[in-house]
Asks: 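My structure is below; once you've seen it, I'll send some questions.
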Amino acid sequence: MQVSFNLATDIEAALLAAAKAAGLDAQAFSPDVRTADPRHGDFQANGVLAFAKREKQNPRAVAEKLVAAIDPTTRERYAVSIAGPGFINFAAQPSTLLEWLRTYGSESGLQHGAAAGYAGQTWVVDYSSPNTAKQMHVGHLRSAVIGEAICRLLAFSGAKVIRDNHLGDWGTQFGKLIYGFKRWANPAALEHDPIEELERLYRLGNDATPEGSAALEEARQELVKLQSGDPENAALWRKFTEASQRAFDQIYSRLGIRFDHYLGESFYNDKLDRVYRELTELRIAEESKGALVVFHDEVPRFSRNAERPNPFMVRKADGASGYASTDLATALYRTEHFKADGIVVVTDFRQGDHFEQLFLTVEKWFKATGRRLPKLNHVTFGAVLGENGKPLKTRDGGTIKLKDLLDEAEERALAVVRAKNAERPEADRFSDEECRSIARVVGIGSVQYADLSQNRSSDYIFSWDKMLSLEGNTAPYLLYAVARIRSIFRRGGLGDPSDTSSWETTATPPATPTECALARKLAKFPDALALATSTLRPHFLGTYLYELAGDFSGFYNADKVIVDDPAERARRVLLCARTLQVLETGLHLLGLRTLQRM
RNA sequence: GCGGUGGUAGCUCAACCGGAUAGAGCAACGGUUUUCUAAACCGUAGGUCGCGGGUUCGAGUCCCGCCCACCGCGCCA
């Protein structure tokens with residue numbers, strides 16, 4: 001019997017079988033297997049405690065009965081012990097670890113193991129979603145980085161992932177922009193840096209159209225013309241959209257992001273009437289002060305009786321559509337057209353109320369129309385703060401453009417790479433071009449990883465020094481571990497790290513404390529992956545990779561890889577190869593690039 | 001006012017449906033290199049988990065009350 005990808009599933013199955021064999025009420029018993037503190041073993045089963053409590057039995061006695069009934073294969077694979085009030089501890093034998101390392105070697109092997117979780121499911125992930133005709137700024141960073149990592153995690157676990165960039169490409173701002181454009185557009189500037197110019201024109205348009213002015217009325221007419229399909233304005237709008245998309249794509253390519261669709265708000269323009277009609281006919285929405293709204297009376301703060309009523313505004317009193325209606329149409333389209341089993345929307349936490357109301361409305365709407373309801377997830381994240389604890393700004397208080405931020409990351413990384421390069425023996429030095437290419441990977445990776453290594457729901461403090469540090473839970477530390485392993489293969493003439501068949505046959509089970517610690521950590525990759533994916537929280541994977549890199553460093557320092565004894569050498573080379581595999585796979589899942597040398 | 005999120009070591013952060021002695025990194029102190037990248041490793045020190053009650057064999061985690069911070073609450077998404 002082959003070891004399973006996630007060892008915990010073997011243990012769980014073994015305990016359920018043991019419960020049956022021991023005559024326990026297997027229906028009532030859930031093993032509750034989880035990774036354990038290494039001091040206690042690799043996995044622990046805590047289910048006996050809850051079970052014994054319910055059944056009013058002595059937990060210790062139940063645990064003993066259960067352990068006695070565990071099948072021989074499992075007993076061979078794990079050292080099983082009972083501790084404390086009734087914890088059952090499982091420590092994988094070195095031979096079991098070796099078996100796992102042999103079985104799950106390649107990236108496809110890992111992926112095959114992971115693919116069970118979401119096989120056959122379609123997930124639409126809505127992330128980044130900037131406004132067209134505007135620069136992307138720091139505020140867009142987290143959605144892009146977290147969203148991409150989530151896409152990759154879901155895809156690795158077997159889902160068909162549809163990356164949808166829900167652009168803010170429709171709305172009142174375009175009236176003012178067209179107004180400004182028609183009066184003050186500078187063709188040369190538009191050619192050179194279109195977004196910069198469009199922002200300038202919007203500002204001019206906005207400043208020229210104060211509340212109550214005739215100019216504002218003109219700007220509104222431009223909007224009306226656009227919305228009713230006026231060829232001139234429609235052409236301008238397309239021009240804005242195309243220029244924006246080119247600018248966005250430059251950022252996305254630096255971040256390793258590629259969307260399948262750019263279905264912005266404008267796309268849903270002709271799909272709103274159906275939303276109004278259905279919601280009205282179904283009496284989910286109602287008229288209130290001229291607007292079309294949905295109250296959710298079962299939730300006090302969305303109830304019509306709330307002290308400050310906060311209805312879901314499907315259509316505004318002036319007849320204009322708001323983002324609520326667009327988002328409803330979007331949910332419908334994703335369900336009908338993409339046949340989504342799950343929808344993930346990655347935006348900041350301030351939109352929490354909106355999405356809660358949206359999801360409540362969608363649930364009622366789809367139930368009333370007999371539609372299948374996808375899993376709806378609002379993935380939120382906190383603000384990006386400067387080191388003073390306030391929202392991150394430029395020195396003079398302006399908004400930081402995402403492009404500038406990425407440039408600075410690369411520059412700062414380049415300074416470090418060059419400094420380290422100068423300390424290197426002359427024969428090992430990088431060319432200037434190599435330094436730059438390393439700095440790109442390190443710089444961008446540092447920004448991505450700083451975001452991903454932290455629990456997304458809290459605000460995070462943006463610190464160049466911390467994210468570019470070679471110490472601690474940072475991208476450079478992880479990339480360095482990768483580069484070191486590659487270096488071992490290069491220097492030792494060990495061939496391609498992804499071809500390990502000969503090492504697998506010669507290797508003996510891990511023996512030294514650091515080898516064992518590393519092997520045990522490697523076998524826990526599936527658990528970290530599953531946790532990160534199911535909770536849509538990439539930091540669980542990041543934390544794991546950091547611990548893995550730490551265990552590797554400990555091993556690297558204590559155990560020389562290139563030794564004479566063939567078996568010893570083979571098992572260490574195998575550990576290196578697998579660590580490399582897991583680190584690279586994991587970093588790629590988070591959206592980072594990795595390096596051969598650094 | 002109602003609601004959301006957060007409060008863990010001097011600082012930045014972990015802690016998976018309630019589990020074993022709350023863990024890392026930085027900063028501080030001490031050690032390791034004729035050895036595959038010292039951008040590393042090992043060690044020491046550092047805690048009333050915001051405060052007060054409660055539930056439980058067991059609470060940073062769940063419940064109640066309170067304090068503090070940030071945020072949301074009809075036309076920006």
Side-chain angles (χ1 to χ4, degrees), chain A residues 30 32 34-37 39-40 44 46 49-50 52-53 59 83-87 89 129 131 166 168 171-173 265 288-289 291 293 299-302 306-313 315-318 320-324 326-327 347-354 356 380 382-383 385 387 389-391 416-417 419-420 423-424 428 453-455 457-461 463 465-466 469-474 476-477 479-481 483-492 494 527-528 530-532 534-535 537 539-540 543 546-547 550 553-554 556-558 560-563 572 576 597-598:
Chain A
S30 157
D32 187 17
R34 60 182 70 188
T35 55
D37 185 312
R39 284 175 297 211
H40 303 124
Q44 61 182 60
N46 296 353
L49 292 163
K53 188 178 182 174
F87 300 114
N89 290 328
S129 308
N131 294 322
H166 193 72
T172 51
Q173 70 271 26
E265 290 165 351
S288 167
K289 299 179 191 173
V293 303
V299 180
R301 69 181 192 283
F302 301 140
E307 206 169 319
R308 293 177 60 176
N310 178 22
F312 192 53
M313 286 285 289
R315 190 177 56 208
K316 294 180 262 184
D318 64 3
S321 60
Y323 50 84
T326 321
D327 283 355
T347 78
D348 73 87
F349 65 101
R350 287 179 307 218
Q351 296 179 39
D353 276 356
H354 165 70
E356 201 172 321
T380 62
L385 306 177
E387 294 190 64
K390 300 210 171 116
V416 178
V417 173
K420 296 293 173 193
E423 293 167 13
R424 223 177 277 265
D428 288 344
S453 60
Q454 203 165 117
N455 188 336
S457 49
S458 44
D459 294 348
Y460 95 94
I461 297 188
S463 161
D465 289 341
K466 287 210 165 75
S469 167
L470 297 307
E471 288 154 12
N473 190 6
T474 65
Y477 179 80
L479 293 170
Y480 178 62
R484 267 171 140 188
I485 298 173
R486 293 227 170 253
S487 173
I488 294 169
F489 278 86
R490 232 177 3 251
R491 292 286 174 108
L494 303 174
D527 187 67
L531 187 60
S534 64
T535 58
R537 290 185 186 271
H539 82 282
F540 284 116
T543 303
Y546 173 56
E547 288 170 1
S553 289
Y556 177 88
N557 239 264
K560 195 166 160 50
V561 176
I562 317 290
V563 290
R572 290 183 181 170
C576 287
R597 297 178 65 198
M598 88 182 250

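The figures here come from the full heavy-atom set of this structure, side chains too, leaving out hydrogens, waters and symmetry mates. What you are looking at is a predicted structure, and each value in this text was computed from that prediction instead of being measured. Order of the sequence lines sets the chain letters (A, B, ...), proteins ahead of strands, with each chain counted from 1.
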Asks: Is a donor-acceptor contact shorter than 3.5 angstrom present between the side chain of A/T35 and the base of B/C16?
Replies: yes
Asks: Let me know, please, whether A/D459 or A/L531 comes out on the 5' side of the other along RNA chain B by nearest nucleotide.
Replies: A/D459
Asks: Is the gap between the ring centers of A/Y546 and A/Y477 under 6.0 Å?
Replies: yes
Asks: Rounded to whole angstrom units, what separation is found between the OH atom of A/Y460 and the P atom of B/G7?
Replies: 18 Å
Asks: Between the base of B/A15 and the side chain of A/N455, is there any donor-acceptor pair under 3.5 Å?
Replies: no
Asks: What one-letter contact string describes nucleotides 72-77 of chain B from 5' to 3', where B marks a base within less than 4.0 Å of any protein heavy atom, S marks contact via sugar-phosphate atoms alone, and - marks no contact?
Replies: SBBB-B
Asks: Please state whether the rings of A/Y323 and A/H354 are parallel, tilted or perpendicular, taking 30° and 60° as the class boundaries.
Replies: perpendicular
Asks: For B/C29 versus B/C70, give the span between their C1' atoms, rounded off to a whole number of Å.
Replies: 37 Å
Asks: Assign A/L49 to base, sugar-phosphate, or nothing according to its heavy-atom contacts below 4.0 angstrom with the strands shown.
Replies: base
Asks: Rounded to the nearest Å, what distance is computed from the NZ atom of residue A/K466 to the P atom of nucleotide B/G10?
Replies: 15 Å
Asks: From CG of A/D465 over to C1' of B/U12, roughly how many Å is that when rounded to an integer?
Replies: 12 Å
Asks: Summarise how protein sits on nucleotides 32-39 of chain B as a single string, 5' to 3': B when a protein heavy atom is under 4.0 Å from the base, S for sugar-phosphate-only contact, - for no contact.
Replies: ---SBBSB
Asks: Looking only at the side chain of A/H539 (C-beta and beyond, no hydrogens), which of the listed nucleotides B/C71, B/A20, B/A15 gets closest?
Replies: B/A15
Asks: Nearest of B/A14, B/C13, B/G58 to any side-chain atom of A/K53?
Replies: B/G58
Asks: Classify the side chain of A/D32 and the base of B/C17 as holding, or not holding, a donor-acceptor pair under 3.5 Å.
Replies: yes
